[in-house]
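Take a look at the structure below.
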Amino acid sequence: MREIAVVGGGGGAVCLLEALSQRSGPPAAVTVFEPSDRLWRGRPYQQDADCILVNLPSRAMSVRAGDPGHFDRWLADARRREAGATGEDGVPGEADAAGAAGGATAAGGAGRADPFDAAAFPARALFGDYLESVAHDSVARLRARGWTVRVVPERVVHAAPCGGGATLTTERGGSHRADRVVLCLGAGAPYDRFRLHGPEPGFVSDPYPVAHTLAGIDPHGTVAVLGTGLTAVDVALTLRANRHQGPVCLLSRQGVLPAVRQRPVAHALQHFTPDHFHALSRRGEVPFTEVVQVLRDELAAAGQDPAELETEFASLHEDPARRLRRQLELVDAPGLGLRILQHTLPVAVDVWPLMPHRDRAELLRRHYRAIHSLCCPMPPSTAAHLSAMSEAGQLRIVRGLHGVSRTGRGFSAVTRNGRIEADTVVNATSVAAHRVPTAAAPLVQSLITASAASVHPHGGLRVRRETSQLVVNGTTQQCFYALGDLTFGSLFITAAIPVIVKLAQEISREVAGP
């Protein structure tokens with residue numbers, strides 16, 4: 001029986017187990033290594049405040065490939081269970097799952113209907129409940145087919161190739177052999193760029209879970225949040241939910257907030273498809289200019305003017321608060337440019353490796369922040385809360401951050417327009433460029449030392465696009481695979497659920513094979 005080791009038990013592991021449970025073939029043995037108490041949830045979807053929401057509509061968050069309504073049906077069932085538990089009348093019958101989920105409070109969190117759209121953006125913790133449920137169902141299906149599935153609550157600290165497979169060593173000295181190893185390490189904590197972590201209070205090095213880390217902040221103090229991405233948005237929302245009265249400043253070098261998600265519109269890509277790009281690659285590498293042209297062709301086929309997207313890419317230089325208000329006004333706009341761009345996200349993992357290295361480096365340097373902002377937007381309700389804080393004078397979004405240091409009374413942040421004094425600093429920046437979570441560093445280093453893994457110059461480890469296998473000196477490693485943020489550089493925007501589901505499907509075909 002083939003032995004499959006899954007290192008990490010978060011959302012990526014759930015997607016892989018679900019994919020394996022949907023496949024036919026001979027039974028195998030799966031061992032999941034997860035040392036934390038967040039089994040199946042990972043860092044993003046642990047039990048936390050209801051005010052922080054998933055950033056995709058629920059119908060885009062299914063972890064079952066080919067079944068986009070899977071999460072919506074689960075939400076509807078959760079609502080029915082809660083209604084039954086509380087003795088409510090009028091359990092929904094013929095209403096569709098998405099409509100039943102919208103506005104529902106379900107067990108484990110609040111499923112909230114976005115005021116700008118009928119689609120639900122549930123609480124992040126509720127999605128964690130869904131992941132737990134899917135994991136239990138997947139394991140049950142696998143066991144019913146003769147698979148062996150177990151969880152080892154230990155951290156893997158060393159791995160090396162061994163006789164066509166691998167040997168894994170845990171922190172307690174346990175040794176495990178596997179024929180296939182899938183690294184599902186998740187994303188690391190925010191990078192402490194200004195080295196503020198220390199014994200003195202006032203610095204929150206990792207904001208999650210926000211319900212715990214932000215609970216003790218002085219409600220009248222000034223809070224400086226390092227970063228203006230989705231994590232920083234979660235911090236601001238939590239402070240608002242906690243009725244924080246003091247000033248809140250979101251600080252970063254560029255001051256770019258996530259864009260505001262528009263009302264979803266169904267669109268089937270005609271030109272920007274994996275098959276189209278693979279056909280182009282038969283002539284050689286596909287330059288970024290050609291990728292842009294394919295996107296223009298996609299827009300033209302839908303009757304859209306590329307000027308809309310050009311305006312949004314240029315908007316990074318716009319005043320952040322003004323950009324936020326303007327994008328809120330466009331939630332119901334008829335133009336499809338941004339929506340089509342967001343539909344291309346799962347295809348990006350196929351396009352990225354086909355581009356020349358110099359084009360990829362230039363895109364990361366010049367356009368990554370814009371692409372990430374536009375392709376990974378926040379729900380309109382979230383944007384509305386931020387805009388209200390801004391209009392009230394409580395929230396500032398400040399660009400040009402140069403440095404942050406401790407002072408006798410708190411902290412001082414240096415920006416291009418002067419200093420900002422703060423009582424508390426919350427670190428909501430991106431992860432370190434190498435993309436390796438601190439706790440996983442010994443494991444990753446052991447793989448590099450054993451010539452089973454190599455570092456990609458853009459971050460993460462080198463992987464083969466078609467299989468997600470690790471690559472060293474151009475040679476594909478037979479038994480080692482990676483899924484998630486660890487593959488950034490080789491792949492592109494690797495943490496979105498639709499991308500994880502797509503890659504997990506591909507990995508499942510490889511590791512469950514003969």
Listed by chain and number, what are the side chain to side chain donor-acceptor pair (under 3.5 Å) partners of Thr228, not counting sequence neighbours?
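Per chain and number, Thr228 pairs via side chain to side chain donor-acceptor pair (under 3.5 Å) with Ser252.
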Apply side chain to side chain donor-acceptor pair (under 3.5 Å) to Arg399 and list each qualifying residue two or more places apart in sequence or on a separate chain.
none
Give a yes/no verdict on a cation-pi contact between Arg435 and Phe488, requiring under 6.0 Å between NZ or CZ and the six-membered ring centre and an angle within 45° of the axis.
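Here Arg435 passes the 6.0 Å and 45° test against Phe488.
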Regarding [X] and [Y], does a basic nitrogen lie under 4.0 Å from an acidic carboxylate oxygen?
{"X": "Arg409", "Y": "Asp423", "result": "no"}
{"X": "Asp77", "Y": "Arg80", "result": "yes"}
{"X": "Asp350", "Y": "Lys502", "result": "yes"}

Could you go through Phe71 and Phe127, starting from their C-alpha distance and side-chain angles, then the distance that decides it, and tell me whether this counts as ring pair (Phe, Tyr, Trp, His ring centres under 6.0 Å)?
CA-CA 9 Å; Phe71 182 34; Phe127 185 73; 5.2 Å; yes
Step by step, work out the side-chain contact (heavy atoms from CB on, under 4.5 Å) result for Val511 and Val182.
CA-CA 9 Å; Val511 300; Val182 186; 4.0 Å; yes
Donor-acceptor under 3.5 Å ([X] side chain, [Y] main chain):
{"X": "Thr487", "Y": "Leu483", "result": "no"}
{"X": "Thr169", "Y": "Gly173", "result": "no"}
{"X": "Glu3", "Y": "Val30", "result": "no"}
{"X": "Arg145", "Y": "Ser21", "result": "yes"}
{"X": "Glu18", "Y": "Val63", "result": "no"}
{"X": "Arg406", "Y": "Leu196", "result": "yes"}
{"X": "Ser508", "Y": "Leu20", "result": "no"}
{"X": "Asp48", "Y": "Ala211", "result": "yes"}
{"X": "Asp50", "Y": "Ala123", "result": "no"}
{"X": "Asn242", "Y": "His244", "result": "no"}

How long is the straight-line distance from [atom2] of [Y] back to [atom1] of [X], given to the nearest 0.5 Å?
{"X": "Leu470", "Y": "Arg464", "atom1": "CG", "atom2": "CZ", "result": "12.5 Å"}
{"X": "Leu168", "Y": "Arg155", "atom1": "CG", "atom2": "CZ", "result": "14.5 Å"}
{"X": "Tyr130", "Y": "Arg73", "atom1": "OH", "atom2": "CZ", "result": "8.5 Å"}
{"X": "Leu183", "Y": "Leu447", "atom1": "CG", "atom2": "CG", "result": "6.0 Å"}
{"X": "Thr424", "Y": "Ile217", "atom1": "OG1", "atom2": "CD1", "result": "5.0 Å"}
{"X": "Cys376", "Y": "Asn55", "atom1": "SG", "atom2": "CG", "result": "8.5 Å"}

Verify the distance criterion only: is there a donor paired with an acceptor across the side chains of [X] and [Y] at less than 3.5 Å?
{"X": "Asp67", "Y": "Ser62", "result": "no"}
{"X": "Glu34", "Y": "Ser36", "result": "yes"}
{"X": "Thr429", "Y": "Asn427", "result": "yes"}

Start with the C-alpha distance between Arg365 and Glu362, add both sets of side-chain angles, then the distance that settles salt bridge (Lys or Arg N to Asp or Glu O under 4.0 Å), and finish with yes or no.
CA-CA 5 Å; Arg365 186 179 70 83; Glu362 186 69 2; 2.9 Å; yes
Considering all heavy atoms, the nearest [X]-[Y] contact:
{"X": "Cys479", "Y": "Gly164", "answer": "CB-O, 4.2 Å"}
{"X": "Pro190", "Y": "Arg43", "answer": "CD-NH2, 3.2 Å"}
{"X": "Leu443", "Y": "Ala159", "answer": "CD1-CB, 3.6 Å"}
{"X": "Ala453", "Y": "Val472", "answer": "N-CG2, 3.3 Å"}
{"X": "Trp352", "Y": "Leu363", "answer": "CZ3-CD2, 3.9 Å"}
{"X": "Val463", "Y": "Val471", "answer": "C-CG2, 3.7 Å"}

Is the NE2 atom of His136 crowded by more than 12 outside heavy atoms at less than 6.0 Å?
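Atom NE2 in His136 is crowded, with more than 12 foreign heavy atoms closer than 6.0 Å.
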With a 6.0 Å cut-off (strictly less than), is the heavy-atom count around CZ of Arg465, excluding the residue itself, greater than 12?
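Yes.
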Side chain to side chain contact (heavy atoms under 4.5 Å, CB included) partner of Leu16, the single match among Ile500, Val6, Val501:
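Of the listed options, the one satisfying the test is Val6.
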Does the side-chain contact (heavy atoms from CB on, under 4.5 Å) test come out yes or no for Ile420 and Phe411, once each step is laid out?
CA-CA 8 Å; Ile420 295 175; Phe411 301 84; over 6 Å; no
For the residue pair [X] and [Y], establish whether any side-chain heavy-atom pair is separated by less than 4.5 Å.
{"X": "Trp40", "Y": "Tyr45", "result": "no"}
{"X": "Phe492", "Y": "Leu364", "result": "yes"}
{"X": "Tyr481", "Y": "Arg180", "result": "yes"}
{"X": "Pro35", "Y": "Glu171", "result": "yes"}
{"X": "Leu257", "Y": "Leu250", "result": "yes"}
{"X": "Phe121", "Y": "Thr382", "result": "no"}
{"X": "Val425", "Y": "Leu226", "result": "yes"}
{"X": "Thr170", "Y": "Val157", "result": "no"}

Assess the residue pair Val139 and Leu17 against the criterion (side-chain contact (heavy atoms from CB on, under 4.5 Å)); give the C-alpha distance rounded to whole Å, side-chain angles, the decisive distance to 0.1 Å, and a yes or no.
CA-CA 7 Å; Val139 169; Leu17 287 173; 4.3 Å; yes
Classify the ring geometry of His357 against His456: parallel below 30°, tilted from 30° to 60°, perpendicular beyond 60°.
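Judged by the thresholds at 30° and 60°, the geometry between His357 and His456 is tilted.
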Taking the ring of His367 and the ring of His372, is the distance between their centroids below 6.0 Å?
no
Decide yes or no on side-chain contact (heavy atoms from CB on, under 4.5 Å) for Arg64 and Gln22, but give the supporting numbers first.
CA-CA 9 Å; Arg64 178 172 292 176; Gln22 299 296 326; 3.6 Å; yes
